[in-house]
Structures are given as structure tokens and as C-alpha cells.
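By convention in this document, chain letters (A, B, ...) are assigned in the order of the sequence lines, proteins followed by strands, and residues within each chain are numbered from 1.
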Amino acid sequence: MRPSPKQWLWMYQTMVKSRIFEERIAAAYFEGKSPVFNMANGPIPGEMHLSNGQEPCAVGVCAHLDAGDFVTATHRPHHIAIAKGVDLDAMAAEIFGKATGLSGGRGGHMHIFDAAVNFCCSGIIAQGMGPAVGAATAFKLRNERRVAVSFIGEGAANQGAFHESLNLAAIWQAPVVIVIEDNAWGISVAKAQSTAVPQNDARAAAYGMPGHRVAGNDPEAIFAVAGAAIARARAGEGPSLIEIETHRLAGHFIGDAEGYRPKGEKEALTDPIPQLRAKLLGLGILDPTADRALTDEAEALVDRAISKARAAAYPVPEQAYEKVFA
Amino acid sequence: MRPSPKQWLWMYQTMVKSRIFEERIAAAYFEGKSPVFNMANGPIPGEMHLSNGQEPCAVGVCAHLDAGDFVTATHRPHHIAIAKGVDLDAMAAEIFGKATGLSGGRGGHMHIFDAAVNFCCSGIIAQGMGPAVGAATAFKLRNERRVAVSFIGEGAANQGAFHESLNLAAIWQAPVVIVIEDNAWGISVAKAQSTAVPQNDARAAAYGMPGHRVAGNDPEAIFAVAGAAIARARAGEGPSLIEIETHRLAGHFIGDAEGYRPKGEKEALTDPIPQLRAKLLGLGILDPTADRALTDEAEALVDRAISKARAAAYPVPEQAYEKVFA
Amino acid sequence: MTATATILPNRTRRNLTIAKAMAEAIAQEMRRDDSVLVLGEDIAALGGVFGNTRGLLDEFGPARVRDTPISETGFIGAAVGMAAVGLRPVVELMFVDFFGVCMDAIYNLAAKNCYFSGGQSPVPLVLMTSVGGGYGDAGQHSQCLYGTFAHLPGMKVVVPSNAHDAKGLMIRAIRDDNPVIFMFHKALQGMGWLGTVQGSITDVPEDAYEIPFGQAAICRAGNDICIVSLGAGVHLALDAAQSLGEEGIAAEVVDLRTLVPLDRATIIASTAKTGRLLVVDEDYQSFGVSGEIIASVVESGVALKAPPRRIAFPDIPIPFSPALEHPALPSAAKIVATARQIVRAGR
Amino acid sequence: MTATATILPNRTRRNLTIAKAMAEAIAQEMRRDDSVLVLGEDIAALGGVFGNTRGLLDEFGPARVRDTPISETGFIGAAVGMAAVGLRPVVELMFVDFFGVCMDAIYNLAAKNCYFSGGQSPVPLVLMTSVGGGYGDAGQHSQCLYGTFAHLPGMKVVVPSNAHDAKGLMIRAIRDDNPVIFMFHKALQGMGWLGTVQGSITDVPEDAYEIPFGQAAICRAGNDICIVSLGAGVHLALDAAQSLGEEGIAAEVVDLRTLVPLDRATIIASTAKTGRLLVVDEDYQSFGVSGEIIASVVESGVALKAPPRRIAFPDIPIPFSPALEHPALPSAAKIVATARQIVRAGR
Ligand SMILES: Cc1ncc(C[n+]2csc(CCOP(=O)(O)OP(=O)(O)O)c2C)c(N)n1
Ligand SMILES: Cc1ncc(C[n+]2csc(CCOP(=O)(O)OP(=O)(O)O)c2C)c(N)n1
Ligand SMILES: [Mg+2]
Ligand SMILES: [Mg+2]
């Protein structure tokens with residue numbers, strides 16, 4: 001399975017859009033945080049986990065999904081949210097804590113929910129896995145052809161929920177795909193230090209399900225492997241586990257000095273966006289003019305989202321008490 | 001590795017002792033519970049999980065352990081406790097809720113602790129796995145040749161703690177052996193219904209550790225496989241996972257009518273004690289006189305324990321407030 | 001005598017246990033609404049260790065009545081995902097004591113997704129779980145943990161004391177668009193093997209009916225002291241009130257029925273009327289239900305004739321031996337003695 | 001101004017943050033006692049997300065300062081096993097909010113093994129965990145959950161408000177043969193990137209010293225109202241007391257320092273002296289710390305001039321937006337306003 005030109009362009013533009021979005025978020029995040037970096041200050045407080053470098057995982061998988069499919073993401077959700085089609089304006093507003101945000105400012109960057117496209121995420125490691133299995137089981141129960149995908153980091157593969165959810169997915173033969181974004185680090189702990197096997201696809205056998213490893217942070221390979229697993233799930237043939245090698249180009253969160261990272265390691269990482277651009281230019285799927293246009297369009301959408309978010313009103317304090325219950 | 005005649009006799013007698021112990025416990029358990037079976041009544045209230053049929057697991061493993069080795073058992077602990085050398089008198093007294101019990105009556109049947117022989121157990125599925133890994137890690141840290149063994153049921157192999165503990169054991173290369181007593185049932189749920197793989201030894205690969213399956217509830221095979229795994233751990237070569245096929249001859253707990261169990265299944269199970277007796281008689285390791293003597297001795301020990309327990313005083317109410325903290 | 005007495009309908013009585021009332025409520029809702037399903041350990045063929053799902057497998061089949069592996073985090077998490085896409089799972093956590101292996105899925109996921117999503121993703125989920133000791137099951141199978149759940153926002157907490165309420169509260173819980181923790185007390189469940197407090201077996205109407213959340217029941221009226229309790233404690237309080245009545249002390253007994261929402265108005269009114277308050281709680285004493293009720297009353301400023309008191313489980317793990325456990329539990333005798341002291345102190 | 005003022009030694013001051021004081025306490029105990037070791041996520045090379053294990057890896061090496069996988073149930077369970085065979089693990093749960101994935105290992109294992117074993121197997125284990133919000137980290141990274149831990153028996157619960165206490169309480173915790181939950185508030189930690197309440201940075205003696213558990217500190221004396229708080233709330237209370245003082249109201253500020261054991265005697269004495277009580281708690285309001293303190297005081301029967309009050313976090317998940325979060329948090333302004341009302345009401 002290879003992306004069609006249209007899919008290629010969507011994948012590329014979505015990666016660009018995600019990157020620009022995060023650049024804008026990062027810039028806004030630093031506002032009010034100098035000379036002293038204090039997370040509490042500025043228009044975007046709290047932790048901020050960027051996904052630069054990991055965009056291939058999001059687009060390679062989400063290229064096979066539509067709004068009805070259910071996705072759970074992690075504390076590092078932007079690239080996936082954007083690829084899943086989450087409303088960009090409302091997401092930006094949420095990250096800025098505004099009343100117009102997806103959740104009226106209640107959730108913020110680690111709690112992006114867009115029910116219209118069945119997207120959610122969580123700040124707790126591996127928490128989304130159970131819900132993905134459950135949503136998939138519901139689809140199966142109702143004979144719908146929808147699937148669920150749960151994105152997690154490689155660090156999450158050592159959390160108990162990983163085991164319980166995969167076992168459940170397997171015995172229920174739920175149409176769910178678990179995608180591990182292996183960026184080699186869980187905060188400051190290297191994968192080899194935390195994980196008893198070099199590759200987590202090996203763990204699929206513990207649940208009698210197919211496991212795949214995709215090397216090279218390569219959108220094309222991700223597209224192919226994810227496409228097959230999702231098609232399999234959609235056809236009622238059961239769950240799969242995919243581990244994707246990817247890169248954390250920024251630190252764990254903004255402000256992470258990454259002193260724990262071996263010298264040179266980070267510098268050796270390649271940025272997947274220029275890489276894909278070169279590839280598509282080479283394949284003739286993209287030309288510089290189209291690239292400019294796609295990029296400009298992405299930039300315009302992001303800039304609109306950010307400026308609307310900035311301009312929007314904050315919620316009033318009383319709204320904190322709403323939506324605790326439905 | 002095969003048991004020496006002495007080991008064979010120890011294994012056989014320990015199985016017999018455990019069986020007689022549980023027969024006495026079961027008899028006492030029913031006292032005061034008729035005509036109406038009410039768990040709250042009689043000299044032994046609460047749930048009572050018997051291990052008849054599972055004795056081979058306990059003796060085949062514990063034959064390789066001494067008092068310094070650390071064992072964690074489950075809600076079904078008697079056979080393992082006895083094989084590990086837990087003080088029988090104090091254990092009986094604990095089960096009867098007496099002041100002379102191992103824990104002064106605070107723990108009861110699901111909380112048998114004997115620090116003198118490094119034995120403990122728990123009513124929470126898979127809870128003992130982390131402690132076993134930790135104790136083993138401590139031994140390694142201090143360059144002691146002690147090992148830890150965690151017994152669990154096959155149902156526990158789907159609990160998150162299973163995954164986390166095995167991964168930890170592997171990355172820390174802890175001298176620990178995980179022993180799964182696969183009696184095919186977790187209360188009323190059959191293994192095939194709850195577990196995505198037919199055999200849990202397959203899951204060892206998810207932690208890069210050796211996995212073994214022992215069929216037939218066979219003390220000799222258990223002895224061999226456990227012996228090798230324990231020797232390996234003791235030699236500093238790391239953890240292993242063993243799944244043993246065994247049989248739950250009684251229900252999940254006393255009072256379980258087992259209506260969920262397929263007809264004939266239970267009747268087809270063989271009792272490992274007569275089986276082993278026949279084998280040892282055949283091998284000439286045992287003769288009827290020795291058998292009588294061994295059995296009588298076991299019976300005498302059990303009867304002493306039970307009568308001492310019955311005769312002992314209950315704790316006074318104030319003692320409930322002691323030992324919350326050290 | 002109990003809450004039901006006030007609403008006894010004009011028809012032949014039909015006495016049910018709480019277990020049967022719960023199973024009936026679930027079955028009725030499953031018939032009415034295809035999206036209701038049941039998950040948990042041993043809830044299918046066995047019908048639930050505590051009987052509250054008996055008969056459901058036969059009627060609704062294994063797709064809607066699902067035995068799970070011993071994977072509480074997995075299946076409660078899955079239930080939240082089911083709820084997110086339109087199902088209404090009723091999930092069993094066999095003993096509340098096991099909450100520790102799956103609390104994240106309960107308090108940080110089920111209870112918060114509605115808020116985190118700004119109301120986009122409500123979580124209609126019932127988590128039913130057994131509570132309580134007194135039958136020698138020791139410290140990992142006898143806790144109540146009412147306060148543990150009531151303290152954390154985003155979930156409703158229900159504790160029925162009798163079959164009538166259990167049915168109406170269960171139906172209300174299933175229809176509620178929010179996570180509801182339905183805590184049923186083993187001593188009231190009507191499983192012979194656990195013994196059963198007779199007062200929990202009550203007349204239960206056949207039809208489906210709801211009991212609203214946040215409305216405590218006044219099970220017995222009285223002017224001398226307000227005794228507030230929940231679950232099994234209600235029956236101890238009623239027994240005590242009976243004895244107290246014989247010595248001329250008229251106790252009012254309030255059955256909270258739900259902890260979240262908490263019907264502070266009824267508690268305060270009853271305390272205001274009587275001028276005296278005694279809370280009976282089988283959960284651990286400190287930092288829990290009993291403290292909250294006392295604080296809620298005194299911060300309201302009602303005039304008290306004597307300091308409020310509480311009888312709760314002491315701050316110790318629950319011991320196995322009946323010789324240790326029974327004296328530590330609340331009892332009618334303790335309630336009588338304490339109520340008497342309060343009434344004497346506040347004359 | 002703070003607790004330390006009362007014990008300022010006769011030597012040059014050495015101001016430390018709580019993070020540094022904790023790391024120093026752990027290092028001193030590790031030097032003294034080979035059996036002490038540290039486990040947790042990101043506590044080795046990174047020195048702890050909140051800085052409280054900084055320097056330990058370099059001095060003690062990876063065998064005694066162990067980064068763990070994201071397996072809280074596994075490594076807390078492992079720590080209990082280590083403790084059972086003679087080690088004294090200091091374990092970090094990075095944010096208290098994560099307790100849900102590992103509470104069984106904490107409350108049903110670490111906290112109960114001593115009891116279940118009849119004292120044969122004590123569990124000398126420190127679980128240090130960050131608490132508190134106010135910096136926009138939303139509902140799964142900002143909770144306090146003081147009440148959640150204090151409610152369940154078998155563990156001691158420590159909440160320091162300043163570096164001096166943090167060091168002495170940590171040394172005491174490591175030497176204690178029981179599980180101690182050491183809850184450090186992010187706003188007091190002294191990590192620049194979280195901001196730092198200046199009052200938490202205090203003079204800290206070089207030598208190892210213990211602060212006993214169960215002894216609240218009177219940080220400021222006063223005769224008009226007793227304000228009880230803990231952790232970051234103490235500094236709000238001190239600021240409020242300052243303002244109240246300027247308008248002629250003398251507030252006494254009590255810093256609980258430990259919740260389990262709880263120094264009820266000091267709270268009751270201070271309330272008896274002032275006749276008025278205000279509890280300030282950043283944990284959820286209902287069924288938690290604030291209710292317990294109020295109940296403990298009123299059941300003691302002390303005479304109050306006005307109903308006790310509390311300022312706590314409302315019963316809602318912690319919202320992300322500062323526009324929602326800040327107004328919901330306790331503040332000095334709220335304390336001043338409420339204290340003023342109490343004093344006026346109870347004249
Ligand atoms: C249960 C739980 N434990 C710990 C954390 C703290 N934490 C947040 S992100 C993170 C590392 C996650 O690593 P990984 O899964 O590889 O994802 P990545 O950050 O690399 O995308 C940790 C430990 C958490 N959020 N939840
Ligand atoms: C965390 C947890 N979940 C559920 C239970 C209830 N429970 C007790 S025993 C049991 C079945 C255990 O099955 P298995 O592990 O196979 O052990 P067996 O009883 O067969 O020896 C269950 C579900 C429990 N004690 N702890
Ligand atoms: Mg990672
Ligand atoms: Mg089993």
C-alpha cells in the first residue's frame with residue numbers, strides 16, 4: 001500500500017501544518033517567561049510537550065482514518081490531533097485557555113477533546129489504551145466498520161494498562177490498532193534502560209496478535225504498515241500492534257535542557273519534514289510552487305487559529321463549576 | 001535434575017501434610033455453617049480457598065528453596081506456605097483467628113506471613129510479584145545468593161502488575177522466578193476466555209527471559225524445570241517465568257458450587273497425591289510401611305497444630321489497634 | 001421502619017433482596033435500551049459473586065454480558081471508551097478494596113472526561129462494587145472506602161440500604177449520563193452465604209422507577225437526636241433508635257442514600273430540629289464521611305445542644321479475627337450508648 | 001515568620017529550597033545507612049523532575065539511585081519487597097495525581113503489610129510525591145489529594161511548608177519503620193520554572209536532624225482566630241495573617257506538618273484560645289482534610305464564638321485555564337475576607 005499523490009500531499013501538508021502550529025505555540029509559550037522561565041506565566045502556562053519530529057507517525061496512521069474512527073492520544077497530542085482533523089481554531093483556543101476552546105479552557109494542551117472527530121488524549125501514560133479497546137469493541141458490537149487507534153509512547157509500553165488493554169483487545173478481537181511512537185526516550189530515561197526487549201513489536205506475540213516495527217521515521221513505511229493493520233481491523237480480523245521509530249527533536253517538554261542525552265545523539269537526528277519535501281519533489285508529486293502554496297495555506301490556517309485564540313475571551317470563573325457533570 | 005530419594009520423600013510428605021491440613025481446615029470451616037451456610041459463622045469465617053490438587057507446584061518449586069529465599073503467594077496459599085516451611089502451629093492459629101497466630105489473628109487465611117522463612121501472601125491478584133522482584137533485587141544488590149519466587153494463578157497473568165513486574169525483573173536481572181499455577185480457572189472464568197495466548201510461557205519473550213511450561217501437574221517435571229530456573233537465578237543469570245498445569249480439585253472457595261464448569265471436566269481430573277504415591281511405590285522409594293509412617297507423622301503434626309489453634313485464646317479487642325505501625 | 005415504608009404502594013408486597021433488585025433494575029434497563037451492557041469478573045455464567053447480575057447472561061447473551069479477565073484497569077478503561085461512543089456500560093469491580101489497581105481509570109478518566117472535554121464527552125457508566133466487612137474476610141476484602149470515592153470530583157456515589165432503594169437508585173444510575181459508583185454492602189446483599197440484614201429485604205415494585213440522587217431518606221422520625229448513616233449502618237441506627245425509643249429518646253434516622261450529591265439540607269434540618277447529631281459510618285473514621293457530615297452541619301451554624309459525635313471504623317486495617325473485627329465495627333449497642341451520652345450532655 | 005524562626009540556630013544562615021533540603025536529607029541518610037536507596041522515574045541523571053534527588057546519582061551510583069520504567073505498580077511493589085528484606089527505599093511517584101495506577105501497592109500492600117504480618121514485616125519506605133497546582137498544568141497534574149492518603153490507615157502523611165521542615169521531616173521519614181507519604185508542594189519546591197513561594201526557602205542546618213511527626217507548628221501566634229493549614233496554604237495563611245494584623249485581627253497560624261499522625265491537640269488548643277477556626281486546604285473540599293479538622297475540633301467540645309469555616313479547592317476537577325484555576329484556589333485575599341467574617345460574626 002502506497003500513498004496516492006493526493007494522500008502524499010495531505011500527509012506532507014499536515015506535517016507542515018503541525019510543525020508551524022507548534023512553532024507558533026512555542027513562541028507564544030515563551031512570552032512572559034523571560035527573563036525568568038516560570039511555567040506558570042505567559043499566555044500558555046503549564047507543561048508543553050511538542051511533537052516536532054514525530055509528525056510522520058500521525059499522518060501515516062491518520063491517513064487511513066476518518067472522523068468516525070476513534071483516536072486516543074497522549075500528553076504529546078498536537079500532531080495527532082491535527083492529522084485526525086481536530087478543529088484547529090478551537091484547539092488553539094483551548095491551549096490558550098480561552099472560553100472558545102474545545103473544552104472552554106478546562107482541559108488545555110494535555111486534554112484535547114474533539115468529539116466531532118472522535119479525538120481525545122490524556123496526561124496519564126497509557127490511559128487511552130483501554131478506551132480505544134472499548135470504543136472498538138462497541139463498534140464491533142454494533143457491526144459498524146469503524147476502528148479505534150491508540151497512540152502511546154515507547155515508555156508507555158511498560159505500564160500495566162498496556163498489558164491489560166492488549167490482552168482485552170485480543171480476546172475480544174476488537175478492531176483496534178495500538179501505535180507506539182518510539183522516540184527512544186521517556187523524559188530522561190532511555191528505552192534500553194526501561195524496556196526489557198529492544199523492540200516492542202515483539203510483545204504482540206504475548207497477545208497472539210500481529211506486531212510490526214517501522215524503522216526510520218518514514219512516512220511511507222508508516223502509511224503502509226498502518227494501512228494494512230487498519231484495513232485488517234476494519235475487516236473484522238482483529239487488533240494489531242505497531243511500533244514506529246521516530247524522533248523527539250525538542251526536549252521532553254519546553255524547558256527541558258536534555259542534559260541526560262548522550263552528546264551528538266540529538267544532532268544526528270534528521271528532521272522528517274525536509275526529508276519528505278525532498279522526496280516528494282524528487283517523485284514529482286510536489287514542486288516548489290505547490291510547496292509554497294501548501295505551506296502558505298497551512299501557515300494561514302495556523303495563524304488564523306492562533307490569532308483567534310489570542311483575541312478570544314477567557315472564561316469567567318463561574319464556568320469552572322460547569323461541566324463537572326453532564 | 002531429578003529429586004533425590006530424600007527430596008522425593010520430602011515432596012510426597014509435604015503434599016500429604018498440606019492435604020491433611022486442608023481437610024482439617026475444611027472440616028472446621030463447615031462447623032457452625034449449617035444448616036445455613038453463612039461465611040461469617042463458625043470457628044473460621046471469611047473466604048476459604050483450598051489448594052487441593054495444586055500441591056505439586058508448591059513442593060516441586062520449594063524443594064529448591066531454603067528459609068532465606070523469599071516467597072510471595074496468593075489468596076490460595078496453604079500448600080506453598082507449608083512447602084516453604086511456615087510454622088504450622090502458628091499458621092493454623094492464624095487461620096482460626098487466635099492470638100497465637102502468626103499475625104495475632106490480624107491476617108487470617110489470605111494473609112499468612114512468616115518472616116522467619118520469608119513467606120508472605122496477599123488477597124490481591126498479582127500483588128506479590130513486585131515485592132518478589134524487589135526482594136530479589138535487594139539480594140543481588142547485596143551479593144547474596146538468595147532468590148525470590150512469586151507464585152500466581154493463571155488468571156493473574158492478565159493483571160497489569162504481571163507486566164510491570166516481569167519487565168522490571170528483566171531490566172534489573174533480578175534473581176526471581178515467577179511461577180504460574182495454571183488451574184485453568186479464575187473463579188468462574190476459564191483461561192481461554194480470559195487469556196489471549198494458550199500458554200503464558202509465551203509471554204516470557206516479551207521480557208527477553210526464558211519461559212517454560214510444565215504439563216501434567218507432574219511433581220518430577222516441576223522439580224526439574226523449577227530447579228533449573230532457580231539455579232539460574234541463584235547463579236546471577238536472571239529471572240524466568242514458569243507456567244505449571246495444575247488442577248483445582250475443590251471449587252474456587254469453599255461453597256463454590258461450580259455450576260459454570262463444563263460437565264465431566266472436574267471428574268476427569270486426577271489427584272496428584274495417589275498418583276505420586278503409586279509412582280514412589282513403583283520406584284521403590286516408598287513402601288507401604290514408610291508411607292504409613294510418613295502419613296501418620298504428617299497427620300500428627302497437623303492435628304497438633306489444629307488442636308493447639310482451637311485451644312488458643314482469641315486476641316482481646318484492644319489488640320486490633322496494635323501493629324498498625326511498627 | 002425503613003425508607004420504603006413511606007412509599008409502600010397499594011398492591012401485594014414483593015420482597016426482594018438487594019442482589020435481586022439490582023439484577024432486575026439492570027435487566028429492565030437492558031430491555032429498554034440496547035446500549036446498556038454489563039462487564040466484569042464473574043458476572044456472566046456465575047451471575048456475579050454477589051448475585052447482582054444473575055440471569056442476565058441467559059437473557060441477553062455474552063455480547064452484552066461480558067466476563068472479563070482480571071484486568072480492572074483494562075476493562076474499566078474500555079468501558080469509558082464504550083461510553084464515549086454511545087454505550088452505557090454497567091461495570092462490576094468485585095470488591096471495592098480492589099480500587100487500587102484501577103483507580104486511575106475511575107477517578108482520572110471516567111470521572112474527569114466530561115470536564116476535560118467541556119461536556120462534549122460525558123461518561124454514562126455505572127461502576128457497581130461490593131463494600132463492607134463483618135464476616136471475617138480481612139483487610140483486603142472488607143473495606144467500605146465511601147470517603148475515598150466521595151472525596152474525588154466527577155463521580156456520583158450511591159450507597160443503598162435496602163432493595164427498594166437499590167432498584168430505584170440503579171435505574172437512576174444507568175440513566176444518568178455520568179459515572180456513578182454504586183456501592184452495595186455485602187451484609188445487605190441477600191446472599192445467604194454472607195448472612196443478610198433482614199431490613200434490607202423490602203418490597204420492590206415490578207415497574208422500573210427512579211430514586212433521585214441527592215435526597216436522603218428519613219427512615220424514622222424523632223425529635224431528640226439525628227442519627228445519620230448509610231448502607232448497613234442505617235439498619236444499626238434503626239435498631240438503636242428502637243432501643244432508644246424504649247428508654248424515651250426519640251431518634252431520627254437519616255439514610256443518606258447518596259454521598260455525591262450529598263443532601264446536606266436534610267441533615268442540617270434534622271440536626272436543627274433535634275439539636276444533636278450522631279454520624280454512623282463503617283468507613284475509616286478520619287478524613288472521610290463522618291468528618292464531612294459533622295463539618296457540613298456545624299459550618300451551617302445550626303445551634304447544637306451538645307457536641308456532635310461519630311461512630312466509625314477506627315483508623316486501622318480491618319482485622320481478620322472476629323475477636324478483633326467485631327468490636328471495631330459500629331454496632332447498635334455503640335450507637336445507643338453514644339446517643340444516650342449526647343442526649344444527656346445536651347439537656 | 002515560619003516554623004523555623006522558632007528554632008533558628010546560633011550560626012550563619014544557610015538558605016535552601018525544599019528541593020535542596022530533601023536531596024540533602026536523602027544524601028545524609030544514604031551516607032549514614034547503606035540500606036537506603038532511591039527509586040523512581042527520572043530521579044537519577046535528571047535528579048528528579050522536581051530537583052529533590054539532584055546529585056545523588058553522582059555520589060551513590062546507579063545501583064542505589066535507580067531510574068525506573070513507567071511502571072509505578074511494579075516499582076512501588078518492588079520497594080515493598082526491598083523493605084521486607086532490609087532495605088529502606090525512598091521512592092518517587094512523580095505527581096501524586098498518578099496514584100491511581102499504583103494505589104494498590106501503596107494502600108493495600110505497603111500500608112498494610114505491617115498489620116497483616118502482626119508486626120513481623122514492617123515496611124520502612126518513603127514515597128515522595130509532588131502535589132499542587134496553580135501553574136496551569138490541568139486536572140491530572142495539579143491535585144493535592146491530601147485527604148485521599150490521610151484517610152487510609154497504615155501510612156504516615158507528611159506535608160512540609162518550608163525547607164527546614166522538609167529536611168527534618170525527610171530524615172525522620174527515612175528513619176521511620178513505616179511507609180511515609182511525603183507530599184511536597186510544587187509551588188514551594190524552589191524550582192525556578194515553577195515559581196517559588198519565598199517563605200518556603202529557609203535556613204537549614206547542615207547537620208542531620210529530625211522533626212517528629214504529629215507536632216504541628218504554630219507559625220504565628222494570635223488570639224483572635226486560629227487558621228489551620230498545610231503545605232503551600234501555610235504561606236497564604238501567613239500573608240493573610242499579616243494583613244489581618246494590620247486591621248487589628250490577630251490570627252494564629254497552625255502548620256500541620258503531618259496529617260497522619262494529626263496533631264489534634266494543638267489545633268484544639270489554638271481554637272480554644274481564639275474561639276474561632278478557619279481551615280485552609282488546597283485539596284478538594286468535601287470528604288477530606290478540612291472536614292476532618294473541623295469535626296475534630298467540634299467533637300472535642302471547645303466553645304466557639306462563631307461557626308468554623310473552611311477554604312478549600314471546590315469539588316471540581318482542576319481546570320487548565322488560569323482564568324478558571326486561579327479563582328478556584330485558596331488565596332490570601334479569601335482567607336482575609338473569611339477570617340474577617342468569622343471574627344465579626346463571633347464577637
Ligand atoms: C502513569 C504516569 N506515570 C508517569 C507520568 C509522567 N510522564 C509524563 S510523560 C512521561 C514519559 C513518557 O514517555 P513515552 O511514553 O515514551 O512518551 P514521550 O514523552 O516520549 O512521547 C512520563 C514518565 C505520567 N504522565 N503518567
Ligand atoms: C485485583 C483483584 N481482582 C480481582 C480479585 C478477585 N479474585 C480473587 S481470586 C480470583 C481468581 C484468581 O484466579 P487465578 O489467578 O487463576 O488464581 P486461582 O484462584 O485459580 O488460584 C479473583 C478474580 C482479586 N482478589 N484481586
Ligand atoms: Mg518516548
Ligand atoms: Mg486459576
Side-chain angles (χ1 to χ4, degrees), chain B residues 68 70 72 90 94 101-108 110-116 118 120-142 144 146 148 150 159-169 171-172 174 176 319-320 322-326, chain D residues 34-35 37 39 61-64 66-89 91 101-125 153-156 176-180 213 260-261:
Chain B
F70 189 85
T72 66
E94 185 62 29
L102 285 163
S103 312
R106 293 177 189 82
M110 274 192 278
H111 307 284
I112 301 291
F113 281 72
D114 190 346
N118 284 289
C120 62
C121 65
S122 161
I124 300 293
I125 295 305
Q127 198 194 60
M129 295 185 74
V133 172
T137 303
F139 300 152
K140 180 176 174 177
L141 205 60
R142 293 188 304 220
E144 297 170 349
R146 297 156 73 186
S150 180
Q159 177 69 214
F162 174 89
H163 180 61
E164 296 190 5
S165 303
L166 283 169
N167 183 61
L168 216 51
I171 58 171
W172 288 349
V176 62
Q319 290 180 294
E322 297 167 7
K323 312 295 182 193
V324 178
F325 291 111
Chain D
D34 271 356
S35 63
L37 83 175
L39 307 176
R64 287 179 71 196
R66 296 181 170 244
D67 271 337
T68 60
I70 311 173
S71 307
E72 290 84 356
T73 295
F75 69 76
I76 298 174
V80 174
M82 290 172 170
V85 298
L87 298 184
R88 305 182 80 83
V91 186
V101 302
C102 55
M103 191 57 166
D104 185 68
I106 302 170
Y107 104 105
N108 244 348
L109 175 66
K112 290 183 182 155
N113 264 8
C114 181
Y115 195 76
F116 285 151
S117 70
Q120 294 177 76
S121 288
V123 183
L125 179 157
M155 35 190 171
K156 302 187 178 178
D176 202 293
D177 278 336
N178 299 289
V180 178
F213 292 168
V260 180

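The contact between B/Glu322 and chain D is made entirely by backbone atoms, counting heavy-atom distances below 4.5 Å. Heavy atoms of B/Phe139 lying under 4.5 Å from chain D belong exclusively to its side chain. In this structure, chain D has heavy atoms under 4.5 Å from both the backbone and the side chain of B/Phe325.
Counting only distance, with no hydrogens or angles, the side chain of D/Gln120 and the backbone of B/Leu102 share a donor-acceptor pair below 3.5 Å. Judged by distance alone, the side chain of D/Tyr115 and the main-chain N or O of B/Ala320 form a donor-acceptor pair under 3.5 Å.
Minimum heavy-atom separation, D/Gly74 to B/Glu164: N-OE1, 2.8 Å.
Rounding to the nearest 0.5 Å places OG1 of B/Thr137 at 9.5 Å from CG of D/Leu87.
Side-chain atoms of D/Asp104 and B/Gln127 include a donor-acceptor pair closer than 3.5 Å.
Applying the ring pair (Phe, Tyr, Trp, His ring centres under 6.0 Å) test to D/Phe116 and every residue at least two apart in sequence or in another chain returns B/His111. Residues forming a ring pair (Phe, Tyr, Trp, His ring centres under 6.0 Å) with D/Tyr107 (at least two apart in sequence, or on another chain): C/Phe99.
Here the side chains of B/Asn118 and D/Val85 are in contact, with some heavy-atom distance below 4.5 Å.
For the options B/Ile112, B/Val133, B/Leu168, heavy-atom pairs under 4.5 Å to chain D are most numerous at B/Leu168.
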